[in-house]
Amino acid sequence: MQDSHARVYAAIAAIPRGRVASYGAIAARAGLPGRARLVGRLLGEVPDGMELPWYRVLRSSGQVAFPPGSRGFREQCRRLRAEGVEVRNGRVPLSRFGMDADLDRELWGLPGG
DNA sequence: TCTTTGACTGTCG
DNA sequence: GCGACAGCCAAAG
């Protein structure tokens, strides 16, 4: 386990329940700005026994990274909904469920909530 | 060492 | 809003 890997895992584990974050955001929080693809790669290497909220990680657009209909896709949607996250057509509104949604609303006065 | 691949992202039409 | 393109970089063969 490399340090960069551990930081990525920690960043993912830090996502609050009922919230989601993008691959890029995770990479940035792990001290690896611009390494979004590395995050996706690492998620594919997560040991089965390791508890990690991998399903809280989405694309920058809020879309689930898995192909619609695939097993991972359905599993991710299922787990997200179980936490109260709204998944519509394989997509989550980051304006409401994004990890920094509250902060963004304060700064920009965006509607939501 | 080189090439291929990928759970990504921003830009453009 | 969606598809096409280019940039990105680490792992695997």
Side-chain angles (χ1 to χ4, degrees):
Chain A
M1 170 95 63
Q2 299 183 13
D3 292 344
S4 58
H5 295 201
R7 283 199 294 274
V8 169
Y9 291 142
I12 295 173
I15 305 175
R17 189 177 180 282
R19 298 293 186 82
V20 299
S22 69
Y23 290 88
I26 294 301
R29 288 178 72 89
L32 303 168
R35 309 291 184 271
R37 303 191 70 153
L38 177 59
V39 175
R41 178 169 294 282
L42 289 181
L43 285 182
E45 297 182 4
V46 176
D48 292 338
M50 188 175 192
E51 290 185 14
L52 201 68
W54 55 268
Y55 50 87
R56 294 181 188 148
V57 187
L58 305 169
R59 295 195 183 188
S60 63
S61 61
Q63 270 192 308
V64 173
F66 289 110
S70 67
R71 200 152 52 126
F73 177 90
R74 292 191 302 176
E75 180 70 7
Q76 187 164 15
C77 292
R78 191 177 130 84
R79 288 177 180 271
L80 287 174
R81 293 202 189 94
E83 293 190 346
V85 177
E86 180 182 333
V87 184
R88 305 248 325 188
N89 203 353
R91 186 173 43 193
V92 173
L94 295 181
S95 59
R96 281 188 288 166
F97 299 102
M99 205 164 129
D100 298 325
D102 290 336
L103 182 60
D104 288 343
R105 276 198 290 276
E106 287 188 27
L107 294 177
W108 299 90
L110 297 174

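From a predicted model like this one, the values you see are computed outputs, not experimental measurements. Side chains included, hydrogens not; waters and symmetry mates left out as well; all remaining heavy atoms used. Lettering of chains follows the sequences in order, A, B, ..., and the numbering in each one begins at 1.
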Nucleotide nearest Glu45(A) (side chain, heavy atoms from C-beta), chosen from dA12(C), dA7(B), dT9(B):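 So the side chain of Glu45(A) is nearest to dA12(C).
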
Minimum-distance nucleotide to Ala36(A) side chain [options: dA12(C), dC2(C), dT9(B)]: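 For the Ala36(A) side chain, the nearest candidate turns out to be dT9(B).
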
Whole Å only: how far is the [atom1] atom of [X] from the [atom2] atom of [N]?
{"X": "Arg88(A)", "N": "dG1(C)", "atom1": "CZ", "atom2": "P", "answer": "13 Å"}
{"X": "Arg71(A)", "N": "dA7(B)", "atom1": "CZ", "atom2": "P", "answer": "14 Å"}
{"X": "Met50(A)", "N": "dA7(B)", "atom1": "CE", "atom2": "P", "answer": "19 Å"}
{"X": "Asn89(A)", "N": "dG1(C)", "atom1": "CG", "atom2": "P", "answer": "12 Å"}
{"X": "Glu75(A)", "N": "dA7(B)", "atom1": "CD", "atom2": "P", "answer": "17 Å"}
{"X": "Leu42(A)", "N": "dA7(B)", "atom1": "CG", "atom2": "C1'", "answer": "11 Å"}
{"X": "Gln63(A)", "N": "dT9(B)", "atom1": "CD", "atom2": "C1'", "answer": "13 Å"}
{"X": "Leu94(A)", "N": "dC8(B)", "atom1": "CG", "atom2": "C1'", "answer": "14 Å"}

Scan [X] against the nucleic acid and name what it touches under 4.0 Å (heavy atoms): base, sugar-phosphate only, or nothing.
{"X": "Gly34(A)", "value": "nothing"}
{"X": "Arg41(A)", "value": "base"}
{"X": "Leu38(A)", "value": "sugar-phosphate"}

Whether Arg7(A) side chain and His5(A) backbone form a donor-acceptor pair below 3.5 Å: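 The answer is no, because no donor-acceptor pair under 3.5 Å joins these two groups.
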
Polar side-chain atom of Gln76(A) near backbone of Tyr55(A) as donor-acceptor pair, under 3.5 Å: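 Judged by distance alone, yes, a pair lies under 3.5 Å.
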
N/O (side chain, [X]) to phosphate O (OP1/OP2, [N]) under 4.0 Å:
{"X": "Arg37(A)", "N": "dG6(B)", "answer": "no"}
{"X": "Arg59(A)", "N": "dC8(B)", "answer": "yes"}
{"X": "Ser60(A)", "N": "dC8(B)", "answer": "no"}

Salt bridge flag under 4.0 Å for residues Arg79(A) and Glu83(A):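 No.
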
Sole candidate of Val8(A), Leu43(A), Val57(A) that passes side-chain contact (heavy atoms from CB on, under 4.5 Å) when paired with Leu52(A):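 Only one option passes, and that is Leu43(A).
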
Beyond-backbone contact of Arg91(A) with Ser61(A), side-chain heavy atoms, under 4.5 angstrom: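 No. Closest side-chain heavy atoms not under 4.5 Å.
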
